[in-house]
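Single-structure report; data block below.
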Amino acid sequence: MVQKPEIVSTTAEPSLSDVRADLDQLRADFAQLIDTLGKTAKHGVKGAKGEASSAAEDVSDWAEGQYLTLRESIREQPITACAIAAGVGVILGQILLRR
């Protein structure tokens, strides 16, 4: 005759104090995660701010150099500069009047 295996009933019913302890640990983990994310974001913003400031300074230096070069060219060849400005004005006028 075949005997049926004995089924052992093990119910894992956590107690209320275990659930509360797990929730407290979960809250602590989330608080630490949020703190870490905040620090990481702050560090990233500082880095991006530094890079943007450096890029703005580079562009400003480049623009100032271009301005000085243009000013010197106009002073050396004023008639040519006036002719170029008049030509650009005529072209823009034609474009804008073409409705």
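- Remark: side-chain polar atoms of T36 are paired, donor with acceptor, to backbone N or O of Q32 under 3.5 angstrom.
- With S60 contributing its side chain and A56 its backbone, the two residues share no donor-acceptor pair below 3.5 Å.
- Heavy atoms of other residues, nucleotides or ligands lying less than 6.0 angstrom from CD1 of I79 number 12 at most.
- Residue E64 places its CD atom among 12 or fewer non-hydrogen atoms of other residues, nucleotides or ligands, all under 6.0 Å distant.
- Within the model, atoms CD of E72 and CD1 of I74 stand 10.0 Å from one another, a figure rounded to the nearest 0.5 Å.
- Contact check on D35 versus K39 returns a salt bridge, with a Lys/Arg side-chain nitrogen under 4.0 Å from an Asp/Glu carboxylate oxygen.
- In this structure, I84 is not a member of the same hydrophobic cluster as V90, with clusters built from ILVMFWY side-chain heavy atoms closer than 4.5 Å.
- Legend: residues meeting side-chain hydrogen bond (donor to acceptor under 3.5 Å, both in side chains) with R75, ordered by chain and number and at least two apart, are absent.
- Judged by distance alone, with hydrogens and angles left aside, the side-chain atoms of S53 form no donor-acceptor pair with the main-chain N or O of K49 at under 3.5 Å.
- No continuous path of hydrophobic side-chain contacts links L68 to W62 [ILVMFWY only; heavy atoms under 4.5 Å].
- V88 and Y67 are members of different hydrophobic clusters when ILVMFWY side chains are connected at heavy-atom separations under 4.5 Å.
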